[in-house]
Amino acid sequence: MADQVTNYQCPSCGGPLHWDATLQKLKCDFCGSTFSNAEIEELYGEANAAAAAQGTDTIDIETLQWTEEEAKHLRAYSCPSCGAQLICDENTAATSCPYCGNPTIVPAQFTGALKPDYVIPFKLTKDQAVAKLREFYNGKPLLPDAFTKHNHIQEIKGVYVPFWLYDARVEVNASFRAERSHSIRQGDDLVTTTEHYRLLRGGSVTFERVPADASSKMPDEFMDAVEPYDYAEMVPFEMSYLPGYLADRYDVEPEVDAKRAENRMRNSTISELHKTVVGYSGVFPETEQLNIRRGRVHYALLPVWMLSTQWNGNNYLFAMNGQTGKMVGDMPTDNMKMIRWFLIITIVGIVILFFVLLGGKL
Amino acid sequence: MRKLRNLLISLLLMLGIGLYILPVMAEGNHVEDEAGLLDDYHLQQLEDYAIRVESAHDCGVYVRFINSYSSFASSIGQASEYIYNSENLGTGSDHNGILLLVSMSEGQYDLCAHGDTANTAFTDHAKARMAKRVENLLSNEDWYLASSEFISLSDSMLTYLEAHGEPFDTNNDPQYQYRREEAEAASRTMKIGATFGLPPLAGLLTCLGLKARNKNTGIQTEAHNYFARNGINFNRAQDLFINRTVMRTPLPRSTSSGRGGGTTINSGGFSHHSGSFRH
């Protein structure tokens, strides 16, 4: 079992290595040495290949207290640094040892057909993610004061989320009914002349790498909301980007996610086509025919900081794009504050309108 | 005796010829029915009535039923003016008179007044009141009653002017005053409603907007960020002309008095009130 996972350790002192988002290199936690991905891949390439060849093992339910069904979805590994047993989800590809804290990679999750095509490395650090969360609280007057002052970040983790990126060409043919009107005054009458048209539009729109998250653990509304990523910084996948972060392999098949991506492409195509209909006072769609020609599907790991906080016994989840810093979340509302705002606006409004509309008399 | 008898016969003949000729002349002047809606008897009744009113007030009262105003002008108002001028209608040097023109094809009518007396007596408000009653009768296809009512109302308006020294208008129409008070009361009710209804609505909308700021997650429905370079290629664009339609709408008339009264007179000296009797 020891061969199934890899710890990236410093070639100088043997300390654990992790990806430094600021330096965009791997850095040793102990001696501070830094290494490029190429250097580390060269050192660990063979070890990773050997570990991948071992595959992953299910755990022995005799010795642990899981049901057969639970055990089916779990994997057990031994930490190469301290020897402790790591129990992970069947999709876990990168984690850290809860005992010695060393970043641990499961190469078998990312080899062969499971190997991602691309990765966007983390650019923002944990501290920046926490600072962004504080910023995120600003400009939200209905947020409970206690939430911003006293809540504590329960958990913050950098996660490489698996995404499918879809290429496709959408062919479209549409017809519209349109009219153009102008009015002139003739004597005591207003004469309105309306010209009626039938408009035909067609063509195609090519999309590249429309994302859809491929992890069932990640809420879709959070992963969609942290978009977009800057694909210019996307690089071919190497395992050396993972140390220090969590990563899962995909567990949603590309065919399943394709529906979501294609729906987005369809909507954007129609919306762009509508922009070509200009110069008319009224436009009414008649027919729309769309045909999606699927292209390549890419598999990529994209960086997300997941933060969770607790307030009033409830958990609140936030996600931040690990590349751009875009923060999204779902926060509580202070009902008393909302009532106060409502009353202030209502009373001030009534007083103003009482004098403006009613002249101060009922 | 013979001379006296011949003179009497001559006088009777002249009177007879005069009595015969006068209505014929008037028939062409006061009430005409190109659309064939009225029988001779009713036509004559109306003609006589119009002549009596004209004689009493020195102001012509005319009714015309035509097939379509489009043979005369592009709007019913212009058609009224055309007929009024071309038939040289009206009395006195400024051609005082009022004309009811009914155009059957379009289902429209126009009340058109000309001259100082007519434009004074038939204020916009007066014409509107007359039009309302005439329009109801036209809608019921009571052509005779509509014409008779028009002549009767014209008589009333002219009589009112002579008796009071001022025309029937918004300031002396009890029904209008009542309605104005009613409208003012309704307007005040609306203002009170707005004063106490709008601020809570604004408060609610603001609170919902502020609450929405606390949640910015959601499923994406567009893929605008992922267009390929030069990936938008709409190569078919045809705009096919189908037809052209023209709609003519009477413009709302402005009033000459700050209180909503008076008469709006155009550059040709005419004032109008038009409407449709087919709804």
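The sequence lines fix the lettering, A, B, ..., with proteins before strands; numbering per chain opens at 1.
- Counting non-hydrogen atoms of neighbouring residues, nucleotides and ligands closer than 6.0 angstrom, the CG atom of B:Asn235 exceeds 12 such neighbours.
- The shortest side-chain heavy-atom distance between B:Gln220 and A:Asn263 does not fall under the 4.5 Å cut-off.
- Counting heavy-atom pairs closer than 4.5 Å to chain A, the top residue among B:Glu222, B:Arg248, B:Lys215 is B:Glu222.
- Contacts of A:Pro332 with chain B are made by backbone atoms alone, with heavy-atom separations under 4.5 Å and no side-chain atom involved.
- For the atom pair CZ of A:Phe207 and CD1 of B:Ile232, the computed distance is 7.5 Å after rounding to the nearest 0.5 Å.
- Other residues, nucleotides and ligands contribute more than 12 heavy atoms inside 6.0 Å of the NZ atom of A:Lys217.
- Atom CD of A:Glu221 and atom OG1 of B:Thr217 lie 5.5 Å apart (nearest 0.5 Å).
- For chain B, no part of A:Arg177 is nearby; none of its heavy atoms comes within less than 4.5 Å.
- Interface residue B:Ala194: backbone and side-chain heavy atoms are both found under 4.5 Å from chain A.
- When heavy atoms are compared at a cutoff of 4.5 Å, A:Met223 does not approach chain B at all.
- Looking at every heavy atom in both residues, B:Tyr226 comes nearest to A:Glu227 through OH-OE1, 2.9 Å.
- Most heavy-atom pairs under 4.5 Å with chain B: of the set A:Asn267, A:Thr194, A:Val191, A:Val277, this distinction falls to A:Thr194.
- Both the backbone and the side chain of A:Leu273 come within contact range of chain B, with heavy atoms under 4.5 Å apart.
- A 4.5 Å side-chain heavy-atom check between A:His196 and B:Thr245 finds at least one atom pair inside the cut-off.
- The OG atom of A:Ser175 lies 11.5 Å from the CD atom of B:Gln238; values are rounded to the nearest 0.5 Å.
- Judged by distance alone, with hydrogens and angles left aside, the side-chain atoms of B:Asn216 form a donor-acceptor pair with the main-chain N or O of A:Gly329 at under 3.5 Å.
- Using a 4.5 Å heavy-atom threshold, the side chains of A:Leu358 and B:Arg188 count as touching.
- Each of A:Ser204, A:Gly203, A:Ala212, A:Gly349 has some count of heavy-atom pairs under 4.5 Å with chain B, and the biggest count is that of A:Ser204.
- Considering only heavy-atom pairs separated by less than 4.5 Å from chain B, the leading option among A:Arg201, A:Glu179, A:Met331, A:Arg180 is A:Arg201.
- Atom CD of B:Glu182 is surrounded by more than 12 heavy atoms from other residues, nucleotides or ligands within 6.0 Å.
- The most heavy-atom pairs under 4.5 Å with chain B, out of A:Asp167, A:Ile270, A:Asp330, come from A:Asp330.
- Interface check for chain B: of the options A:Met338, A:Met265, A:Glu272, the most heavy-atom pairs under 4.5 Å are formed by A:Glu272.
- Scanning all heavy atoms of the two residues, the minimum distance from B:Asp239 to A:Tyr280 falls at OD2-OH, 2.5 Å.
- Residues A:Ile350 and B:Thr195 come closest through the heavy atom pair CG1-O, 3.4 Å.
- Residue B:Arg213 comes nearest to A:Pro141 through the heavy atom pair NH1-CD, 4.0 Å, listed as atom of the first residue, atom of the second, then distance.
- Distance check, rounded to the nearest 0.5 Å: CG of B:Leu201 to CD1 of A:Ile345 gives 11.0 Å.
- Counting heavy atoms from C-beta on, the side chains of B:Ile219 and A:Arg260 come closer than 4.5 Å.
- Taken from CG in B:Leu208 to CG in A:Leu142, the straight-line distance is 9.5 Å, to the nearest 0.5 Å.
- Of the two parts of A:Ser271, only the side chain, counted from C-beta on, holds a non-hydrogen atom closer than 4.5 Å to a non-hydrogen atom of chain B.
- No side-chain heavy atom of B:Thr206 sits under 4.5 Å from any side-chain heavy atom of A:Phe342.
- Of the inter-residue distances, the one linking B:Met190 atom CE with A:Leu357 atom CG reads 10.5 Å to the nearest 0.5 angstrom.
- Here the side chain of B:Asn225 pairs no donor or acceptor atom with the backbone of A:Pro228 at under 3.5 angstrom.
- Per-residue counts of heavy-atom pairs under 4.5 Å with chain A were compared for B:Gly218, B:Ser75, B:Cys207, B:Gly203; the largest is that of B:Gly218.
- Among A:Thr193, A:Asn173, A:Val348, the residue making the largest number of heavy-atom pairs under 4.5 Å with chain B is A:Thr193.
- Heavy-atom neighbours of B:Arg278 CZ from other residues, nucleotides or ligands within 6.0 Å: above the threshold of 12.
- Side chains of A:Val172 and B:Phe234 form a contact here, defined as non-hydrogen atoms less than 4.5 Å apart.
- Chain A forms more heavy-atom pairs under 4.5 Å with one residue of B:Asn266, B:Asn243, B:Ile192 than with any other, namely B:Asn243.
- By the neighbour-count criterion of 12 heavy atoms within 6.0 Å, atom OH of A:Tyr231 is densely surrounded, having more than that number from other residues, nucleotides or ligands.
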